[in-house]
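These notes are about the structure you will find just below.
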There are 2 protein chains.
Amino acid sequence: MGELAYSIKDLAAEFGITARTLRHYEEQGLVAPARVGQNRTYSAADRVRIAWILRGRRVGFSLSEIADMLRLYELGDGRETQRQVTLAKCRERIAALEAQRADIDETITELTGFCDTLENLVPAPGGRWVRKDTGEPPQLRNPWDG
Amino acid sequence: MGELAYSIKDLAAEFGITARTLRHYEEQGLVAPARVGQNRTYSAADRVRIAWILRGRRVGFSLSEIADMLRLYELGDGRETQRQVTLAKCRERIAALEAQRADIDETITELTGFCDTLENLVPAPGGRWVRKDTGEPPQLRNPWDG
DNA sequence: ACGCTACTTTACGTTAACGTAAACGTCAAC
DNA sequence: GTTGACGTTTACGTTAACGTAAAGTAGCGT
């Protein structure tokens, strides 16, 4: 069968990270690649798992938070309470992510508004700026000015 | 006029941060509160600016990135090239934010799917889990298993 | 056998974003 | 007039997420 595996350098290159980073993730218990001799060999599953970790990092989670999320997928000993705890944590994570998305949307809205203002601005004599259409001064409305 | 001002402790309490954090933001040039004697006194504008900074932090930006974004709102000496540079940087920021939102959406989708599976699971004899409706084993499809 | 390359472990260094402690100023209250 | 509550500066400590250097191993080509 096509048991495709990756060296540490392969994956590092593919994801644009260093081998040190992958070893660090292993130290923190985020991945556990197999070994051939003393060398690490990453499976396809490891590869996807690493992509998951990196996306978590881009989203802003810490490594230990990511470890927690990964552990959610381990169902445990089959007790009902275990399932409920996992479910609750999972929902917490989703709520946090949605709050963060709201923050992002706000920031995008403000920056976009500022971009629109900028696009409509031309330099005027005396080191000033005026609006292209009306010739009026900018009225910039920085988010913190009112 | 009601020139409402805030002490450092007021703002810290309101935003759920420490006074040290506010002083740190000042050291990094992110805010510049007025002084009454040797004491800091934050204006309403300072307050909004700090809210902006904290939202940036929640989104995952570093303090220096936030400083850059804040500087975007200073139009500079009125040269056209300056405006274009600012506009470009502003658009870069927006693009980065949109990419990040895409990552968040992906993560939410996966976690939600996992939640749905969990909700439909009940414990079965032998420390196993089965689906409530069909009685089938979970087929969990962890993101990294396929 | 020799060197090259990729890999390993061990361990100390670095940066960001504050925490925390020390030592001091100031003003109102008792 | 001294005790607090609140503020200040200075400066060293801490944690996370790696960077980086040192020293050794293992296979492969010539």
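Throughout, a chain's letter reflects where its sequence line sits, starting with A, and its residues are numbered from 1. In what follows, every heavy atom counts, from backbone to side chain, and hydrogens, waters and symmetry copies are set aside.
Put simply, B/S64 has no side-chain N or O that comes within less than 4.0 Å of OP1 or OP2 on C/dA16. Phosphate contact (OP1/OP2 of D/dC18, side-chain N/O of A/T18, threshold under 4.0 Å): absent. In terms of phosphate contacts, B/S7 brings no side-chain nitrogen or oxygen within less than 4.0 Å of OP1 or OP2 of D/dC6.
Atoms CD (B/E65) and P (C/dT15) sit 17 Å apart, rounded to a whole Å. We find that CZ of B/R58 is positioned 16 Å from P of C/dA17, with the value rounded to whole Å. When the C1' atom of C/dT5 is taken as reference, atom CD of A/Q38 falls 14 Å away, rounded to whole Å. Rounded to whole Å, the distance from CD1 on A/I53 to P on D/dA17 is 12 Å. Per the geometry, CG belonging to B/D10 stands 13 Å off C1' belonging to D/dA5, to the nearest Å. Rounding to whole angstrom units, NZ of residue A/K9 and C1' of D/dA26 are separated by 16 Å. In this structure, B/R35 atom CZ and D/dC6 atom P are separated by 19 Å, rounded to whole Å.
In the model, B/T21 has a side-chain atom that pairs as donor or acceptor with a side-chain atom of B/T18 under 3.5 Å.
With salt bridges taken as basic N to acidic carboxylate O contacts below 4.0 Å, one links A/D103 and B/R58. Checked for salt-bridge contact, B/E74 and B/R71 miss the test: no charged N lies under 4.0 Å from a carboxylate O.
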Show every donor-acceptor pair shorter than 3.5 Å between a side-chain atom in residues 86-96 of chain B and any protein atom, with sequence neighbours excluded, or say none if there are none.
{"from": "B/T86", "atom 1": "OG1", "to": "B/Q82", "atom 2": "O", "distance (Å)": "2.9"}
{"from": "B/R91", "atom 1": "NH2", "to": "A/E119", "atom 2": "OE2", "distance (Å)": "2.4"}

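Separating the OG1 atom in B/T41 from the CD1 atom in B/I8 is a distance of 11.0 Å, to the nearest 0.5 Å. The OH atom of A/Y73 lies 4.5 Å from the CH2 atom of A/W52; values are rounded to the nearest 0.5 Å.
If you check residues 20-29 of chain B against DNA chain D, the residues with a heavy atom closer than 4.0 Å are B/R20, B/R23, listed by number.
The nucleotide whose nearest atom lies closest to any side-chain atom of A/R57 is, among D/dA26, D/dC18, C/dA17, D/dC18. Closest approach to the A/L63 side chain among D/dA17, C/dG19, D/dT9 is made by D/dA17 (side chain taken as heavy atoms from C-beta onward). Comparing D/dT9, C/dT8, C/dA17 by their closest approach to the side chain of B/R40 singles out D/dT9. Closest to the side chain of B/N39, from the set D/dT8, D/dA17, C/dC18, is D/dT8.
Legend: salt bridge (Lys or Arg N to Asp or Glu O under 4.0 Å) pairs involving residues 29-42 of chain B, not counting sequence neighbours, sorted by first then second residue: B/E26-B/R35, B/E26-B/R40.
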